[in-house]
*Asks:* 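So that we are looking at the same thing, I have put the structure below in structure tokens.
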Amino acid sequence: MVPKYDHKEVEAKWQKKWEEEHLYTSDIESAINPFYDDKAKISSKERFYNLWMFPYPSAEGLHAGHAFASTGSDIYGRFMRMHGKDVFQPIGYDSFGIHSENYAIKIDENPHEVVKRTTKHYEEQMRALGHGYDWTRTVTTSSPDYYRWTQWLFVKMFEAGLAYKKIATVNFCPSCKTVLADEQVMSPQTAGKEPRDANGKVIEDKSTWERLKVCERCGTVVEKKDLSQWFFKITKYADKLLSDLDEIDWSERVVTAQRNWIGKSEGMIINFKKENGEDLPVFTTRPDTLNAVTFIALADEGLYNEGNEEKVGEFTGEYASDPLSGRKLPIWKTNYVAPGYGTGNIMGVPAYDERDMEFAEKYHLDIVEKDPDENLWEKIEKEGWGKRHTNYHLRDWLVSRQRYWGAPIPMIYCEHCASKGTTFKDHVFKGMAGWFPVPEKDLPVLLPDIKDYKPEGTGKGPLANHPDFYKVKCPKCGGEATRETDVMDTFVDSSWYFLAYPNVNTKEWKVGPSASSGQAFFDKKIMEAWLPVDLYFGGAEHSVLHLMYSRFVTMVLHDLGYLDFDEPFPRFFAHGLMIKDGAKMSKSRGNVVNPDEYIDKFGADALRLYLMFMGPMDGYPDFRDSGIEGMERFIKKVWRLFQLPISNSRFSNKEILSKLHQTIQGVTGDIEQFKYNTAIAKIMELVNVLENNKSQISISTLRSLTLLLAPFAPHLSEEIWVEILGQPFSVHQQKWPEYDTKYLIADQKVVAVQINGKLRGTITLDLEVAGSEKEVTKIAKSDPKIAKWLEGKKVIKVVFVPGKLVNFVVN
RNA sequence: GCCGAGGUGGCGGAAUGGCAGACGCGUAGGUCUCAAAAACCUAUGGGGCCUUAAACCUCGUGAGGGUUCGACUCCCUCCCUCGGCACCA
């Protein structure tokens with residue numbers, strides 16, 4: 001009678017033991033940065049910072065899509081640990097911000113309380129999955145010890161001239177009642193939401209959906225408002241953000257998305273002259289078509305429409321002259337030129353631009369067909385009519401939010417200083433008179449616990465109703481002043497969290513060992529030893545959000561001298577999204593898969609195996625209940641294999657050895673490429689071979705099999721390793737098995753025989769024979785099946801691939 | 001419209017110039033059982049040939065063309081799906 005494999009008991013047992021033995025707690029102080037040459041000086045192991053994008057703790061808890069992604073990351077971490085690396089694999093919570101707050105509002109509970117509960121639930125779920133996280137170093141972005149440094153970051157941005165406040169036309173979500181960054185406004189499809197109007201009703205006319213721009217969080221169609229807001233000057237880094245994409249090893253689709261978003265256009269600003277002598281600068285990427293210009297089109301905020309409606313315009317009554325030939329060109333105000341891009345003016349070239357053609361035809365403007373002239377670039381520049389100019393689609397990052405649940409923006413406005421024109425640093429902040437950052441010693445600016453935290457949509461955040469919060473003394477003159485009442489975008493919180501992990505120690509709950517002294521942001525030695533992140537694992541939906549912001553913030557901190565690297569994630573793998581019943585998992589569809597019930601019923605190992613076996617890591621696999629049952633069967637099969645009275649034979653037979661070493665080779669290569677599905681398939685094949693050769697398996701083979709399984713099924717492997725094989729704890733600290741090429745060479749080869757490229761038979765030959773063209777040709781021709789096909793035909797050519805194939809070309 | 005990734009059995013998916021469908025799910029039949037479950041064994045792309053069986057033939061990787069001794073794989077044209085950008089000049 002084979003003892004039953006009790007997944008609940010086994011998994012709980014090892015999770016407890018791992019924790020007690022600090023199996024996944026890294027030795028932060030003694031790591032080696034593999035990028036440095038003087039490794040020997042420091043200490044034992046090379047570090048490997050293995051990071052999965054931290055989740056925001058939602059109410060429903062972790063769903064199977066999270067488990068799919070986090071397991072993919074965990075497997076790689078375990079694989080690297082078995083390669084002798086000191087793996088640092090932390091986890092935390094992106095718990096500050098609109099996503100957590102919207103839920104708190106919905107259930108009418110204070111966000112402080114909700115976050116306490118949801119983070120606890122998340123931790124339980126992630127522990128149940130058996131991930132190898134270092135639980136001694138977690139971060140929670142809504143903790144004052146954390147957001148103190150988010151605020152510090154804002155202050156540094158301001159001091160460096162990279163944070164400024166200005167009135168701009170911005171996106172406003174009428175449901176979330178706050179402004180949003182450009183990156184947080186998208187098509188309904190990209191947001192994965194049905195578009196809604198300000199009253200929360202789904203827009204009925206589906207034909208308009210594709211033109212709508214909605215809020216990333218709630219799917220409400222955004223409005224445009226002119227408001228005074230804080231921005232981070234990400235555009236200053238546009239060129240570096242773009243060019244560094246060539247240097248980093250990222251999933252291609254994410255690189256492409258960032259390139260598109262940055263949207264670099266190289267062209268020229270050409271100066272046209274109005275009749276009254278005024279300059280009329282125009283941005284174009286096609287100065288070579290200047291000869292064919294017939295009108296000038298101006299952007300108009302009032303007329304402009306992002307939708308795809310008909311082009312309309314109004315003649316201004318004015319004319320401009322073409323700087324080269326002096327031709328007279330009418331100036332039109334239009335609805336199709338985007339304000340805020342380039343100079344806001346364009347030259348109308350109907351012959352070479354479809355949009356200009358459409359407009360010209362409608363208003364009966366001239367259409368001139370003259371061949372483009374490449375020499376014009378140089379000529380215009382030489383004659384001083386225009387100069388080369390690069391334009392970017394990227395806009396500055398709008399970071400203020402009129403909400404409660406976020407890090408208060410640490411800025412103070414003093415009316416008195418403003419009236420005198422006093423600025424923080426005269427040379428940098430023209431136009432920012434009266435604005436001063438909160439002195440570093442006064443950080444954090446604590447978020448007060450208030451009852452009326454719901455947004456009102458007045459253009460101000462809930463903190464604006466609390467004089468105790470905003471009435472402060474001016475840091476400059478000591479007079480009456482007002483604190484900023486907006487809070488920061490949640491993406492500011494997450495733009496630097498990866499820097500915090502190695503510096504944080506949960507027991508003391510301070511970011512950075514020097515946090516108490518207030519001297520420095522991070523411990524320099526730790527940063528040098530542990531960063532940048534070696535492998536970042538996460539979703540592609542953050543292509544132009546988190547992943548762009550983090551790169552920007554890292555570049556700034558580098559330029560300010562705090563970091564010695566300027567790309568946070570030299571390697572990023574974009575995992576796919578799990579699907580259920582052919583659709584993305586979402587609450588509204590009601591197809592969210594909760595991992596808890598599967599862990600309970602089948603165990604974490606079965607769930608992990610199934611999630612990884614469903615398909616490639618960057619794909620969109622569909623979750624089915626019946627699939628996980630197959631994995632349960634596989635685990636039982638493995639378990640039974642280890643319950644057999646193991647033979648006394650010291651060596652496995654040849655078939656087994658050959659299969660084992662092929663498997664080691666294949667699985668190793670597959671894991672390196674995140675092809676976990678085929679890695680698992682190969683382990684299954686090995687198990688099948690072992691089952692058919694039960695009496696001939698050596699202990700050494702069984703040990704290797706256990707090691708191969710360890711990253712995928714950590715509990716099962718540990719149980720087998722320690723309890724059945726009697727090996728020392730822990731399987732996760734063992735060396736990954738190596739393959740020996742001598743076992744990869746089979747004694748016999750199956751050679752395919754083709755006639756004119758069509759398979760007509762196979763012959764099994766000894767290795768040496770299979771490598772000889774003469775022998776193989778002879779044997780193949782004498783094979784009756786093949787001979788039949790060659791009868792009466794003349795062999796024109798023989799194609800021979802040693803050990804694989806012979807192809808007879810006949811007439 | 002532009003850019004990127006794809007299209008393979010009933011299903012998830014293997015194979016990146018050399019035996020298409022590994023591995024798993026599902027399905028059918030069988031063994032065990034009083035019975036069922038579990039487990040195990042066998043079969044499983046379509047069509048044909050055949051009394052049966054072994055075997056064999058033929059078609060087949062979105063459609064059409066091309067390169068090649070040989071194409072799921074490379075090239076061209078088209079269709080469709082997914083992702084990103086989008087009156088960005």
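Every chain is numbered from 1 and lettered A, B, ... according to where its sequence line falls, protein lines coming before strand lines.
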*Asks:* State the syn/anti category of B:rG9 according to its glycosidic angle, syn meaning within 90° of 0.
*Replies:*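 Judged by the O4'-C1' to base torsion, B:rG9 sits in syn, the angle falling within 90° of 0.
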*Asks:* Assign A:V750 to base, sugar-phosphate, or nothing according to its heavy-atom contacts below 4.0 angstrom with the strands shown.
*Replies:* base
*Asks:* Once you apply a heavy-atom cut-off of 4.0 Å, does A:G630 come out as touching a base, just sugar-phosphate, or nothing?
*Replies:*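 Sugar-phosphate only.
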*Asks:* Does the structure show a Watson-Crick or G-U wobble partner for B:rA39, both distances under 3.5 Å? Name it, or say none.
*Replies:*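 When the pairing criteria are applied, B:rU31 turns out to be the nucleotide that pairs with B:rA39.
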*Asks:* Can you measure A:L242 atom CG to B:rG84 atom P for me and round it to whole angstrom units?
*Replies:*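 It is 20 Å, rounded to the nearest whole Å.
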*Asks:* Answer with base, sugar-phosphate or nothing: what part of the nucleic acid does A:N807 contact at a heavy-atom distance below 4.0 Å?
*Replies:* base
*Asks:* So A:K311 and A:N335, do their side chains get closer than 4.5 Å, heavy atoms only?
*Replies:* yes
*Asks:* Is the backbone N or O of A:Q184 less than 3.5 Å from a side-chain atom of A:R217, with the two atoms forming a donor-acceptor pair by type?
*Replies:*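 Looks like no, no N/O pair under 3.5 Å.
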*Asks:* NA contact type, A:T334, heavy-atom cut-off 4.0 Å: base, sugar-phosphate, or nothing?
*Replies:* nothing
*Asks:* Does A:F359 reach a base, just sugar-phosphate, or nothing at all? Heavy atoms under 4.0 Å.
*Replies:*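 Since no nucleic acid heavy atom lies under 4.0 Å of A:F359, the category is nothing.
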*Asks:* Check every strand shown and say whether A:V753 touches a base, only sugar-phosphate, or nothing at a heavy-atom separation below 4.0 Å.
*Replies:*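 The answer is nothing, as A:V753 stays clear of every strand by at least 4.0 Å.
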*Asks:* Would you tell me if any nitrogen or oxygen in the side chain of A:H393 comes within less than 4.0 Å of OP1 or OP2 on B:rA86?
*Replies:*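 Checking A:H393 against B:rA86: at least one side-chain N or O falls below 4.0 Å of OP1 or OP2.
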*Asks:* Write down the partner of B:rC11 under the Watson-Crick or G-U wobble criteria, each distance required to be under 3.5 Å.
*Replies:* B:rG24
*Asks:* Could you tell me whether A:K675 contacts a base, only the sugar-phosphate backbone, or nothing, with contacts defined as non-hydrogen atoms closer than 4.0 Å?
*Replies:*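 Counting heavy atoms under 4.0 Å across all strands, the contact made by A:K675 is with sugar-phosphate only.
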*Asks:* Please test A:S265 against A:N391 for side-chain hydrogen bond (donor to acceptor under 3.5 Å, both in side chains), starting from the C-alpha separation and ending with a verdict.
*Replies:* CA-CA 5 Å; A:S265 298; A:N391 229 344; over 6 Å; no
*Asks:* Between A:Y5 (OH) and B:rA39 (C1'), how many Å, whole number?
*Replies:*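 Distance check: A:Y5 OH to B:rA39 C1' gives 19 Å.
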*Asks:* With both distances kept under 3.5 Å, what pairs with B:rC69, Watson-Crick or G-U wobble?
*Replies:*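 Paired with B:rC69, as far as the under-3.5 Å criterion goes, is B:rG18.
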*Asks:* How long is the gap from CG on A:L708 to OG1 on A:T668, to the nearest 0.5 Å?
*Replies:*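 The OG1 atom of A:T668 is 7.0 Å from CG of A:L708, to the nearest 0.5 Å.
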*Asks:* Can you measure from CE (A:M268) to OG1 (A:T285) and round to the nearest 0.5 angstrom?
*Replies:* 12.0 Å
*Asks:* Classify the ring geometry of A:W332 against A:F315: parallel below 30°, tilted from 30° to 60°, perpendicular beyond 60°.
*Replies:* tilted
*Asks:* Between protein and nucleotides 26-32 of chain B, what N or O pairs are separated by less than 3.5 Å?
*Replies:*
unit_1	atom_1	unit_2	atom_2	d
B:rG26	OP2	A:R633	NH1	3.3

*Asks:* Look at all strands and tell whether A:D356 reaches a base, only sugar-phosphate, or nothing, counting heavy atoms closer than 4.0 Å.
*Replies:* nothing
*Asks:* Just the table, please: protein N/O against nucleotides 2-12 of chain B N/O, every pair under 3.5 Å.
*Replies:*
unit_1	atom_1	unit_2	atom_2	d
B:rG12	O2'	A:M614	O	2.5

*Asks:* Are any of A:T190's side-chain N or O atoms less than 4.0 Å away from OP1 or OP2 of B:rG84?
*Replies:* yes
*Asks:* Is A:Q754 near enough to B:rC19 that one of its side-chain N or O atoms lies under 4.0 angstrom from OP1 or OP2?
*Replies:* no
*Asks:* In whole angstrom, give me the gap between the C1' atoms of B:rA43 and B:rA35.
*Replies:*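 My reading of the C1' atoms in B:rA43 and B:rA35 gives 26 Å.
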*Asks:* State the pairing partner of B:rC82; accept Watson-Crick or G-U wobble contacts with both distances under 3.5 Å, and report none otherwise.
*Replies:*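 With both distances under 3.5 Å, B:rC82 matches B:rG4.
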*Asks:* Under 3.5 Å, which N/O atoms of the protein pair with N/O atoms of nucleotides 55-59 of chain B?
*Replies:*
unit_1	atom_1	unit_2	atom_2	d
B:rU58	OP2	A:R760	NH1	2.9

*Asks:* If I pick the P atom on B:rC19 and the same atom on B:rU61, what distance separates them, to the nearest angstrom?
*Replies:*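 To the nearest whole Å, 16 Å.
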*Asks:* Would you mind pulling out the nucleotide paired to B:rU52, Watson-Crick or G-U wobble, both distances under 3.5 Å?
*Replies:*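 B:rU52 is paired with nothing.
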*Asks:* Using a cut-off of less than 4.0 Å, is there contact between a side-chain N or O of A:K213 and OP1 or OP2 of B:rA86?
*Replies:*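 Yes, because at least one side-chain N or O of A:K213 sits under 4.0 Å from OP1 or OP2 of B:rA86.
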